[in-house]
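Here is the structure we will look at.
Each residue takes its place number in the sequence, starting with 1. Owing to the predicted nature of the structure, the values given are computational and were not obtained by experimental measurement.
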Amino acid sequence: MDFLNSTKANGMLTLLEFRSLLLEPIFVRCVSGLLHAVLLLVLFCSWVWGRNNGFGSVTERLKDRRGFGFKSVLFCSLVLSLLNLVWLDEEQLVSLLMFLLQTVSWGVLSVSLHRCSDYEMRKSPLLLRIWLAFYLAVSSYSLVVVDKRQVHLLVYDIVSFSSALLLCYVAFFKKARGGNNNNNSNGVLEEPLLNGASTVGGGGGSDEATPYSRAGLLSLLTFSWMGPLIEIGNKKPLDLEDVPQLHDSDSVVGLAPKFRTMLESSSSDGGGGGGGVTTFKLMKALFFSAQWEILVTAFFAFIYTVASYVGSALIDTFVQYLNGRRQYNNEGYVLVITFFLAKLVECLSQRHWFFRLQKVGIRMRSSLVAMIYEKGLTLSCHSKQGRTSGEIINFMTVDAERIGNFRWYMHDPWMALLQVGLALWILYRNLGLASIAALIATILVMLVNFPFGRMQERFQEKLMEAKDNRMKSTSEILRNMRILKLQGWEMKFLSKIFDLRKSEEGWLKKYVYNSAVISFVFWGAPTLVSVSTFGACILLGIPLESGKILSALATFRILQEPIYNLPDTISMVVQTKVSLDRIASYLCLDNLQPDVVETLPQGGSDIAVEVSNSTLSWDVSSESPTLKDISFKVFPGMKVAVCGTVGSGKSSLLSSILGEVPKVSGSLKVCGTKAYVAQSPWIQSGKIEDNILFGKPMERERYEKVLEACSLSKDLEILSFGDQTVIGERGINLSGGQKQRIQIARALYQDADIYLFDDPFSAVDAHTGSHLFKEVLLGLLSSKSVIYVTHQVEFLPAADLILVMKDGRISQAGKYNDTLSSGTDFMELIGAHQEALAVVGSVDASSVSEKPALGGQEDAIGLDGKQESQDVKNDKPDTEETKRQLVQEEEREKGSVALDVYWKYITLAYGGALVPFIVLAQVLFQLLQIGSNYWMAWATPVSKDVEAPVNISTLMIVYVALAVGSSLCILVRATLLVTAGYKTATELFHKMHHCIFRSPMSFFDSTPSGRIMNRASTDQSAVDLDIPYQFGSVAITVIQLIGIIGVMSQVSWLVFLVFIPVVAASIWYQRYYIAAARELSRLDGVCKAPLIQHFSETISGSTTIRSFNQESRFRGDNMRLSDGYSRPKFYSAGAMEWLCFRLDMLSSLTFAFSLVFLISIPTGVIDPSLAGLAVTYGLSLNTLQAWLIWTLCNLENKIISVERILQYASVPSEPPLVIESNRPEQSWPSRGEVDIHDLQVRYAPHMPLVLRGITCTFKGGLRTGIVGRTGSGKSTLIQTLFRIVEPSAGEIKIDGVNILNIGLHDLRLRLSIIPQDPTMFEGTVRSNLDPLEEYTDDQIWEALDKCQLGDEVRKKDLKLDSSVSENGENWSMGQRQLVCLGRVLLKRSKILVLDEATASVDTATDNLIQKTLREHFSDCTVITIAHRISSVIDSDMVLLLSNGIIEEYDSPVKLLENKSSSFAKLVAEYTARSSSSFD
């Protein structure tokens, strides 16, 4: 028994001895040494094996292939080797040997890696991976058992563990790049997306070695690869061609397909009904598309967090050292080195963490923009009606941008937990159980935030909704600004925008004031936590020593970051969730039905188009479908005409063949390629040539043929730049006829099998119309299948098949003569045409001259209303001034942002009265903060054996009083800051919009709406939400920095010796950097507008794009523009980190110098508590200094938004709307006589005269018709009458009043016009007829009945409140024109202008409009511009314009009597055309 007990006791003893041995640091060192000996053996064996197998040579050609894995392993090996060398412990021989062994091992591994230049190309060797796994285990174990009092060993073990973690990651998770293939499999460089593209927005990704991808280890670590670009920026203002391309990994070209695949796979994994895109699936796809970058940033964030707490953990040790307690030799220098190394690691990890985060953000935004764009291309018309183009653009400009910005916050949740955990560990070491009070206080503060967070989410959602509504209206108004100005409605619509903004401002106000409360709660949080903790110490009887207090205060300062960031994080999570929801719901919208049309391969059928018993409806849920029981066949080469009254379903029939209208039943088959010409011309901004080629390569012969057939050759000769002329947005600098003919040319050049024309001849004059019909339909397209909608009856006899539409059905079908005899509907149309011809029946068709009318110019046109009637006769050579494109590249300021911009921003709200109070509140806060910390350091003893200068109660009362005072200062500052910011944003918005709405029409002609929209959305958002905080941040940081320097200089005035040159160097670096950064930021703004504009154009022209099968080309353009926008962002991020790294290094050196000074002076010379306080503040010196420069640069980048808004807030205005001293009589004009004398008009000083000395009088009460070729100056004359264009010379008098001397509204509101492009606005029927709300419902109904729309509106459920969608798209073109007629019938002005008013309606409706006008405007002056001779033939007078001068002006009867008159020739030609069948 004794023996057994003895054995058991010995066993227990041995076990205990073994356990204690396991916990001995010397045991861990021995195991570690043994491991390193094994490593040396493995490396030696590898070397021998390599020499025998020929792997020993350095393969130089692969050196540039070294990536993250190779560089990180080599770096870790070198660091560990040097670290072992530094930490040689001379006191213990075993430790000395082990450290030496480890030094040699890591050194040898570094050399081996350096020589193994194909390391990246292969996976790590198996033995090395096994060894690294053991090394990680030993490092972890060592970290647990290390003696925490030996700080140098603790730091050594932390670095070893971190390196082991990274090495294992690289060894186990790194994928081999090229297998064992050494033949440079990836060596061939691919071409970049755009070769040498230097236009704004140009450039895609490139496999070419970019500065970033080819940078070496040191260059990557220090961001030196940015040096050359920053240097260029210092020599000259950067342009986009100076900015390098993105590498493939960051280009949307590679990212978009990957992201789409991820999204589709996550959607398909959703199970039964989970096919749609949800917020979670979208988020998941975003994460997995950038998962490795996100994980790397998480690693850097972890390293940064751990390193940032090293300083706080060592302050108590440092204070005790200064107090004379030293644990070993050279402890002071070990502490200084530890502090410095921690700062170095903190700096490096933070810089690379931030840079890679920005890369992640750019990737996410690019991927989302590509998806949103792609959805825009496939969206069904029904879905599109629910989402306006303004809303969809917002998804791209605001929501995708915000999700990209979420990168800054993605790691905050887990980092907050880690930071709180580390803080509690430090507090527990110093203050014991009192740390529990700190934890409870921290949790309480975080919990307080949740109700605020929920409120912030609601405010954010409402703010976004209000912004969407405003942007929707802004987009529509900008599109139709010409109509608004002609009608004198622009100020009414501006007040509508202001009302929408008022609603937005309501939510904005709530949002910013809620932010101010959150700011107060969280700036006060560290104070609450420290008061709770120190209070708990007193209650628990834990002695308060200055070293521990200072360590706790430093910890609270770091703890302030997660607490302070929490509201921002919650707010950003909320905003991002809202944006993800919005994008996900948009991506869930219905696409076009892919099975509406069955597409057969070319030659797969002998029928080109076959429609069998098809019923189709734009709204599938509607009881009355759009098209009912449609059946017809089109054989190759057939010409099919579609005719019918307004709203009968003609355009819908063509749309159904294109697959745009959802199918209810039946079948549609199409064999061959299609080309489509829409009724409303869709023209892309860009060159005329690009619009015609539309993605096809140039074939000069075919191109010239197409130009000739479309009568475009003469136009191009007249233009300064020919077919290189840049077209403005939506073809704004082209006449209606030109836009239509460019559309036709685009379709012809495609050489398709089937052509669909939606009434393309209505926008051109009689001569051009017949030329187009002969040359295009019967000429170039003689062998093609053509389906054309037309209102001109004269084009019907040439058709092989005529389809007569009525109420969505084909009421008659057959050849011309058959259809004539088979029903009444077609007879009605023909009857109306005969009626129109009867008016001009007296003219003999034989009088048609063989020569083209009007002086032999066959449709000689310039840019109608923009560059008409170039002075060809004089044939003056173009000067450089004359040869200027209408649409210029977007203006951007160069050089530094003018101080004037800052001053205007600061003084805009209340004259800047709040600014001094904001600064004063922050200064007081800083003083009280420093005072409270100074008080705690001074009033607590250095150690237990020293008596405290004050008692505990005094200590806490003073501290709490100072803390409460500082919190109140924060509340005052936050409230005043958001008040000033809100007021400034409101003022800027009103100034810019008022200025834009009052600017002349020439501004809108030459400014794409994308530029204005960009300022109204993105720049206004920056002013609303970002810039006030940027200004506040700069002021706060400057004051904090001054406070820190003040505290440090109190203890160590010598710090100024280093601080002054460091500040000088920092300022130099900042100046050197800002030149490039500023231009990159401006390029960022300039590159965004083309992306928005391209997107906007794509949405409006999606039907045309789909009909030509050009989706992939447009996707490519979008990706190119998206990369063009990402490039300045990427390099801007690199430049920022380049600067911050250098500033961090400088401030770390300052801090290290002050520490060396403190440990060098003898004990007792300086108060250890105050020295500790200086160190506490010094710890945040580098962060604050970098933060100051960062906020300064960010402010300068953001203030560019203010600069851009101010640019448009100073656009020259039109003349006054009302001149009080010169207002006409209330009854003016009473007679309606228009007297024009020597009128000369040009569109800009550098452009030629368009009207060249016109003198004539339009007698009051008479009807005057204005005719002439497209581009002869007809529309210009009308625009001058309304003063849309101001005359260069001459005058116009109406009833003796010179219109140049009265206000614009006094003029425009007394005139009426039915414009060429019929326009309806989103809203109701009532708001479209009477936007100024001047008339009663009875008057509106009366007007509707007069214009034949009364019955149509009565059919609708809501009558006058029936909805009108964006652009009036739920009304046909003809119905929109009738609404315009209704407007003038309501207004009953004495002078009425009809500008091609009946271009979009059939002959019967045209006759009806003419009859209505004759009946209701018999005593008015009616001025008519028309292509149909029948519209002007019964006028009292006819004015014939040619090339900007009057060729003929007399009554039609007299002009027709003279057979040689140009008007007689024109009428004869029209009659001949109308009577012929073009056979």
Side-chain angles (χ1 to χ4, degrees), residues 193 201 204-205 251-268 275-279 281-286 288-290 362-384 386-401 403-404 579-594 596 658-660 682 684 694-695 1010 1088 1090-1126:
L193 194 63
S251 166
V252 70
V253 179
L255 294 170
K258 184 181 173 187
F259 177 66
R260 193 184 311 113
T261 308
M262 294 275 186
L263 192 59
E264 284 166 2
S265 64
S266 66
S267 294
S268 59
V277 177
T278 63
T279 305
K281 289 170 185 173
L282 188 60
M283 197 165 60
K284 186 176 158 190
L286 280 170
F288 282 110
S289 62
I362 288 169
R363 288 181 178 192
M364 284 181 169
R365 183 195 56 74
S366 299
S367 303
L368 281 171
V369 166
M371 281 302 288
I372 293 165
Y373 182 85
E374 187 154 324
K375 186 71 180 181
L377 273 176
T378 59
L379 214 54
S380 71
C381 290
H382 187 64
S383 299
K384 210 185 272 187
R387 305 272 182 174
T388 63
S389 55
E391 273 183 283
I392 297 171
I393 287 166
N394 252 359
F395 293 138
M396 191 174 78
T397 55
V398 178
D399 294 302
E401 202 74 50
I403 292 165
S579 290
L580 282 167
D581 287 344
R582 283 155 51 84
I583 291 174
S585 68
Y586 167 69
L587 294 176
C588 280
L589 291 176
D590 291 337
N591 286 344
L592 283 170
Q593 286 181 10
V596 172
L658 291 170
E660 298 287 318
W682 177 74
Q684 265 192 291
F694 208 56
K1088 190 170 189 176
L1091 182 63
I1092 296 172
Q1093 192 181 331
H1094 180 256
F1095 193 22
S1096 174
E1097 284 180 346
T1098 302
I1099 291 166
S1100 59
S1102 54
T1103 304
T1104 303
I1105 294 165
R1106 287 193 290 264
S1107 67
F1108 286 97
N1109 293 321
Q1110 291 280 332
E1111 295 99 321
S1112 60
R1113 181 170 71 86
F1114 274 78
R1115 275 188 210 107
D1117 285 347
N1118 175 64
M1119 287 179 179
R1120 175 177 59 78
L1121 290 165
S1122 184
D1123 275 344
Y1125 176 44
S1126 296

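- Checked against side-chain contact (heavy atoms from CB on, under 4.5 Å), Leu255 has the following partners two or more places apart in sequence or in another chain: Arg363, Ser367.
- Arg1106 is linked by a side chain to side chain donor-acceptor pair (under 3.5 Å) to Glu660, counting only residues two or more places apart in sequence or in another chain.
- Scanning for side-chain contact (heavy atoms from CB on, under 4.5 Å) contacts around Thr378 gives Lys375, Asn591, with sequence neighbours left out.
- The side chain to side chain donor-acceptor pair (under 3.5 Å) test applied to Thr1098 returns Tyr373, not counting sequence neighbours.
- The side-chain contact (heavy atoms from CB on, under 4.5 Å) search around Asn1109 returns Glu1111, not counting sequence neighbours.
- Taken from CG in Leu282 to CG in Asp581, the straight-line distance is 9.5 Å, to the nearest 0.5 Å.
- Once rounded to the nearest 0.5 Å, the distance linking CG of Leu580 with CD1 of Ile403 reads 4.0 Å.
- Contact check on Glu264 versus Lys281 returns no salt bridge, with no Lys/Arg side-chain nitrogen under 4.0 Å from an Asp/Glu carboxylate oxygen.
- Under the side-chain contact (heavy atoms from CB on, under 4.5 Å) criterion, Glu374 pairs with Arg260, Arg1115, sequence neighbours left out.
- Asp590 pairs by the salt bridge (Lys or Arg N to Asp or Glu O under 4.0 Å) definition with nothing, not counting sequence neighbours.
- Atoms CE and CZ, from Met396 and Phe1095 in turn, are 5.5 Å apart once rounded to the nearest 0.5 Å.
- By the ring pair (Phe, Tyr, Trp, His ring centres under 6.0 Å) test, Phe259 is found to be paired with no residue, residues two or more places apart in sequence or in another chain being considered.
- Taking the side chain to side chain donor-acceptor pair (under 3.5 Å) definition, one finds that Asp399 meets it with Ser579, Arg582, sequence neighbours left out.
- For the ring pair (Phe, Tyr, Trp, His ring centres under 6.0 Å) test, residues two or more places apart in sequence or in another chain that qualify with Tyr586 are Phe395.
- Residues passing the side chain to side chain donor-acceptor pair (under 3.5 Å) test with Thr261: none are found, sequence neighbours excluded.
- A distance of 11.0 Å separates CG of Asp1117 from CG of Leu1091, quoted to the nearest 0.5 Å.
- Of the inter-residue distances, the one linking Leu368 atom CG with Met364 atom CE reads 8.5 Å to the nearest 0.5 angstrom.
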